[in-house]
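Comments concern the structure below.
The structure presented is a predicted model; accordingly, all values stated were derived computationally and were not measured. All ligand and atom numbering here is 1-based and tracks the order in the structure.
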Amino acid sequence: MITDSYGRTINYLRLAVTDRCNLRCTYCMPKDGLDWLPRRELMTYEEMWRICNLLVKMGVEKIRITGGEPFVRKDLLPFLKNISTINGLQQLTLTTNGVLTAPFIPELKKIGIKTVNLSLDTLDRDRFIKITHRDELNKIMETLESLLHHDFEVKINAVVMEGLNTEDIIPLVELTKALPVAVRFIEEMPFNGGSHLTALHWDAQRILEYMKAHFPGIQKRPDAAHSTSYNYHIPGHKGEVGIIAAYSRSFCGSCNRLRITPTGIVRTCLYDKGKLNIKEALREGKDDEALQDMIAQTILKKAANGREAERTRDKHEPAQESMATIGG
Ligand code: SAM
Ligand code: SF4
């Protein structure tokens, strides 16, 4: 079991397998994309496999594969199959934009993945194009349908942005009437790779008040341990709604996460800059014990919360790198 200096158990890894993406969500990256990382800088599947094994031995129970868009990386499925066989791993899951995902769904089911987070900020085609700069909403809706058909637990992530998708809040909540999905509204964070300056118009409180005005019967649901979302239910609806205060950072006290970026930077908080390059340590030939020790030491430096983590950054490096290079 790995614990940090505040006694928090770290048992959840979010592993970003690529920075590349087939969408250009405005809250995540500029419309012309990023300067994609050269391939040699990405961790290989073999390197990621070794690190995942080491971390599970250290107490990690859940691994989320993310990116960039995970399905943009070639041969993702064999990698997922390998990860799913790690002895001691209790849950493998992934976050995807759904564009390329549908054909893989039966296989994902076979290897034991039960929950998938799907990013979907709007149900309107024109707004989708405005937000993502691509015309792919149909494919995402097909992915959603297929995930539900295959009995996956689906969480829909929607970043709320003034002037872009606030008209979608109610239609997205209404999705939970007929569908057993959890729709989670996320506060916009500044990690957009310089796409724009973020001003938080819709914080968790405002999103909640807005939902309450339309659904006065909305009820609070208990939140699972380590949950980043505050969860609610509307009587008569099959699904749930949630709010993730990602910018306000009100959930840091129970944080159990560790992130590894596509280049192998170990980040103990979204808002810090990363304290260890595990890929370099691997490539220098460090043995398992040395790698585990380096990871444990890094976890001990995990900041108490996201505000403190942000203060450890260099003044000239504001928190605005793309989520695709961190792993959302
Ligand atoms: N491409 C995949 C996807 O979009 O689901 C996985 C990677 S994406 C970086 C993971 C999550 O981060 C998505 O749900 C996305 O909505 C969220 N995200 C990206 N940039 C964000 C930002 N600036 N603020 C809040 N959430 C953000
Ligand atoms: Fe791509 Fe996901 Fe970022 Fe959108 S949020 S640009 S889908 S990585």
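- Side-chain atoms of Ser254 and His226 include no donor-acceptor pair closer than 3.5 Å.
- Between the side chains of Trp202 and Glu162, a donor-acceptor pair is found at a separation under 3.5 Å.
- Stacking of Lys114 on the aromatic ring of Phe152 is not recorded, the 6.0 Å distance cut-off and the 45° axial limit not both being met.
- Remark: the Glu69 side chain and the Thr96 side chain contain an N/O donor-acceptor pair separated by less than 3.5 Å.
- With hydrogens and angles ignored, the 3.5 Å screen pairs no side-chain donor or acceptor of Asp223 with any backbone N or O of Thr228.
- Aromatic pair Phe215/Tyr210: ring centres not closer than 6.0 Å.
- For the residue pair Tyr271 and Asn305, no side-chain donor N or O sits within less than 3.5 Å of a side-chain acceptor on the partner.
- Salt-bridge annotation for Lys279 and Glu41: absent, with no side-chain N of the basic residue lying under 4.0 Å from a carboxylate O of the acidic one.
- Between the side chains of Asp121 and Asn165, no donor-acceptor pair is found at a separation under 3.5 Å.
- Under 2.8 Å from atom 3 (Fe) of ligand 2, one finds the following protein N/O/S atoms: Cys28 SG.
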Short N or O contacts of ligand 1 with protein, under 3.5 Å, listed by atom name?
| residue | atom | partner | partner atom | Å |
| --- | --- | --- | --- | --- |
| ligand 1 | 1 (N) | Gly68 | O | 3.1 |
| ligand 1 | 1 (N) | Glu69 | OE1 | 3.2 |
| ligand 1 | 4 (O) | Ser119 | OG | 3.2 |
| ligand 1 | 5 (O) | Thr96 | O | 3.1 |
| ligand 1 | 5 (O) | Ser119 | OG | 2.6 |
| ligand 1 | 14 (O) | Ser119 | OG | 2.8 |
| ligand 1 | 14 (O) | Asn157 | ND2 | 3.1 |
| ligand 1 | 23 (N) | Tyr27 | O | 2.7 |
| ligand 1 | 23 (N) | Met189 | O | 2.9 |
| ligand 1 | 24 (N) | Met189 | N | 2.9 |

